[in-house]
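As structure tokens, the structure follows; a few thoughts come after it.
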Amino acid sequence: RKEAMDISVVVPTFNRRELVKRTVQSLFEQNFPSGKYEIVVVVDGSEDGTAEALCGLKAPCRYRVLEQANGGLAAARNSGARVAEGDLLLFLDDDMFCVPDLVRAHVEAHRHTPRIVGFGCIFLSPESPPSLAAECFNRELGAFYLQQRTKDADAVEEPEHVFGNSSLPRQLLAEAGGFDANFRMREDLELWVRLAGMGVRSCYIERAVAYQYYAKSGGDLIRDSEAFAVADVMFARKHPDAIHYGQLRLLERTPRWKRPLRRMAAVSPAAADLVLGPVCRLGETFFKVPMLRNLGVRALQMRRRIHWFHKVLALGMPKIN
């Protein structure tokens, strides 16, 4: 006879065998009753032996490994949610090392307020290699979660609804229709818009801490910016009345005198790379020098915005209602 599960932890993974093993091991070490939570890892088309390595782990709680053809993060999360048996679903990324109190903190946050999405905080793992990309993470997403510590628990700001460390009732996800698997980026923000339309609130869970191992390069971030542009355009067309537009919304706030300059830069991102690329390389080379590191970070952020806007223009700038 199966014991009722309080929470199911769903971890999608793709070609990150060693990282996801460490993530799962941190979930094995939670200070939560082993019979009350389960771990579901969805191997999304990995070709590096991830499934075999995960199946060899000895778990103190219920633990399952699913394999599927590569369908993206949204599809993998949906697959995990379909087989999960917990009343709550906790979604974690495959490169996150969790504090022992993480699962308990998520469960307790939902105990008296059932129709919420609980957002734990995500910080940079100190084991991450130093780089401009990691510094961007610290100054953007990491800084956001640090700021939340000074605010009320239910004051999570709208632009940062990231489902890398988040929980919600399984029934609530079903009511919303799950993640939209057409989105390879912004799938979490797109789901949140639908949940918010159902009257769901967000809740910041300070004790639910995960440390993300971040090994991306500046080139990875620039490629990601173009993928985000595709998702942002899709998002704007699917939700023309939504107020959550990420960088599309930021374009509206750009002073009018800056708009022609931004558009000119976006016409030829290769030219911008010729100017800003050496600054990035200087910042990487002399990373320990604060002034040069700061210049490199600013240059990388500018390159990301330029490449993002170039892709948006190429796809056809959507109208924002």
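Of all the heavy atoms in A76 and V42, the pair that sits closest is O-CG2, 3.5 Å. The two residues A134 and S131 have their closest heavy-atom pair at N-OG, 3.0 Å. The two atoms that bring L132 and C280 nearest to each other are CD1-O, 3.3 Å, heavy atoms only. Closest approach of F123 to C121, counting heavy atoms only: CE1-SG, 3.6 Å. In this structure, C98 and L102 approach most closely via the heavy-atom pair CB-CD1, 4.0 Å. When all heavy atoms of L300 and A133 are compared, the closest pair comes out as CD2-N, 4.1 Å.
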*Begin with the C-alpha distance, continue with both residues' side-chain angles, and end with the deciding distance and a verdict on side-chain hydrogen bond (donor to acceptor under 3.5 Å, both in side chains) for T13 and R16.*
CA-CA 7 Å; T13 185; R16 283 180 168 177; over 6 Å; no
*asked:* side-chain hydrogen bond (donor to acceptor under 3.5 Å, both in side chains) for H110 and D87? Distances and angles first, verdict last.
replied: CA-CA 10 Å; H110 289 268; D87 293 331; over 6 Å; no
*So R237 and D232, salt bridge (charged side-chain N to carboxylate O under 4.0 Å, His left out) or not? Walk me through it.*
CA-CA 9 Å; R237 289 172 178 165; D232 286 334; over 6 Å; no
*Given side-chain hydrogen bond (donor to acceptor under 3.5 Å, both in side chains), test Q212 with S125 step by step and report yes or no.*
CA-CA 5 Å; Q212 185 168 18; S125 168; over 6 Å; no
*Before giving the answer on side chain to side chain contact (heavy atoms under 4.5 Å, CB included), spell out for R201 and T113 the whole-Å C-alpha distance, their side-chain angles and the decisive distance to 0.1 Å.*
CA-CA 9 Å; R201 295 189 304 106; T113 49; 4.1 Å; yes
*After noting the C-alpha distance and the side-chain angles of V312 and F228, does the key distance pass the side chain to side chain contact (heavy atoms under 4.5 Å, CB included) rule?*
CA-CA 9 Å; V312 167; F228 275 119; over 6 Å; no
*Yes or no on side chain to side chain contact (heavy atoms under 4.5 Å, CB included) for V41 and L66, after CA distance, side-chain angles and deciding distance?*
CA-CA 6 Å; V41 183; L66 307 181; over 6 Å; no
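The aromatic ring centres of F137 and Y214 sit less than 6.0 Å apart. Taking the centre of each ring, F28 and Y63 come in below the 6.0 Å mark.
Note that CG of D6 is 10.0 Å distant from CZ of R104, once rounded to the nearest 0.5 Å. Rounded to the nearest 0.5 Å, atoms CZ (R184) and CE (M234) are 10.5 Å apart. Considering CG of D93 and CD1 of I122, their distance stands at 6.5 Å, rounded to 0.5 Å. Note that CG of L195 is 9.5 Å distant from CD of E190, once rounded to the nearest 0.5 Å. Atom CD of E29 is separated from atom SG of C61 by 11.0 Å, given to the nearest 0.5 angstrom. Summarising the geometry, atom CG belonging to L191 is positioned 9.0 Å from atom CZ belonging to R77; distances are rounded to the nearest 0.5 Å.
One side chain, D44 or Q68, offers a donor N or O that lies under 3.5 Å from an acceptor on the other. Using a 3.5 Å distance cut-off with no hydrogens or angles, the side chains of N165 and H106 do pair a donor with an acceptor.
Residue E47 places its CD atom among 12 or fewer non-hydrogen atoms of other residues, nucleotides or ligands, all under 6.0 Å distant. The number of heavy atoms from other shown groups lying within 6.0 Å of CE (M198) is above 12. Atom CZ of R17 has more than 12 neighbouring heavy atoms from other residues, nucleotides or ligands inside a 6.0 Å radius.
T50 places no side-chain N or O within donor-acceptor distance of the main-chain N or O of S46, the cut-off being under 3.5 Å. Panel note: side chain N138, backbone E135; no donor-acceptor pair is recorded below 3.5 Å. Looking only at distances, a side-chain donor or acceptor of S79 sits under 3.5 Å from a matching main-chain atom of A75. Checked by atom type and distance alone, the side chain of R207 never pairs as donor or acceptor with a backbone atom of D101 at under 3.5 Å. Remark: the backbone N or O of L27 is paired with a side-chain donor or acceptor of Y37 at under 3.5 angstrom. Listed for the Q30 side chain is a donor-acceptor partner under 3.5 Å among the backbone atoms of S26.
Using a 4.0 Å cut-off between charged nitrogen and carboxylate oxygen, K21 and D94 do not count as a salt-bridge pair. A salt bridge links K216 to D224: at least one charged side-chain nitrogen sits closer than 4.0 Å to a carboxylate oxygen. Under 4.0 Å is where a charged nitrogen must lie from a carboxylate oxygen, and between R170 and E175 no such pair does. Taking a cutoff of 4.0 Å between a charged side-chain nitrogen and a carboxylate oxygen, R22 and E127 qualify as a salt bridge. A salt bridge is defined here as a Lys NZ or Arg NE, NH1 or NH2 lying under 4.0 Å from an Asp or Glu carboxylate O, and R293 with E284 fails to meet this definition. Ion pair E85/R62 flagged as a salt bridge, since at least one NZ, NE, NH1 or NH2 atom sits closer than 4.0 Å to an Asp/Glu carboxylate oxygen. Checked for salt-bridge contact, D180 and R194 miss the test: no charged N lies under 4.0 Å from a carboxylate O.
Linking Ile, Leu, Val, Met, Phe, Trp and Tyr residues whenever their side-chain heavy atoms come within less than 4.5 Å places V107 and I39 in a single cluster. Linking Ile, Leu, Val, Met, Phe, Trp and Tyr residues whenever their side-chain heavy atoms come within less than 4.5 Å places L221 and L124 in a single cluster. Residue L168 is not grouped with residue I116 when hydrophobic side chains (ILVMFWY) are merged at heavy-atom distances under 4.5 angstrom, including chains of intermediate members. Criterion: ILVMFWY side-chain heavy atoms under 4.5 Å apart, direct or through other members. Under it, L282 and V275 are not part of a common hydrophobic cluster. In the hydrophobic cluster analysis, where Ile, Leu, Val, Met, Phe, Trp and Tyr join through side-chain heavy atoms closer than 4.5 angstrom, V297 is grouped apart from F286.
For the pair F14 and N70, the minimum side-chain heavy-atom distance is below 4.5 Å. By the 4.5 Å heavy-atom criterion applied to side chains, Q301 and E140 are counted as neighbours. Side-chain contact between R115 and P169: absent, with no pair of heavy atoms (C-beta onward) separated by less than 4.5 Å.
In this pair, Y213 and F97 present their aromatic rings tilted. The plane angle is within the 30 to 60° band.
Between F163 and the choices F119, F183, W192, the ring-ring contact (aromatic ring centres under 6.0 Å, His included) rule is met once, by F119.
In this structure, R186 is not positioned above the aromatic face of F235 in the sense of NZ or CZ being under 6.0 Å from the six-membered ring centre and within 45° of the axis.
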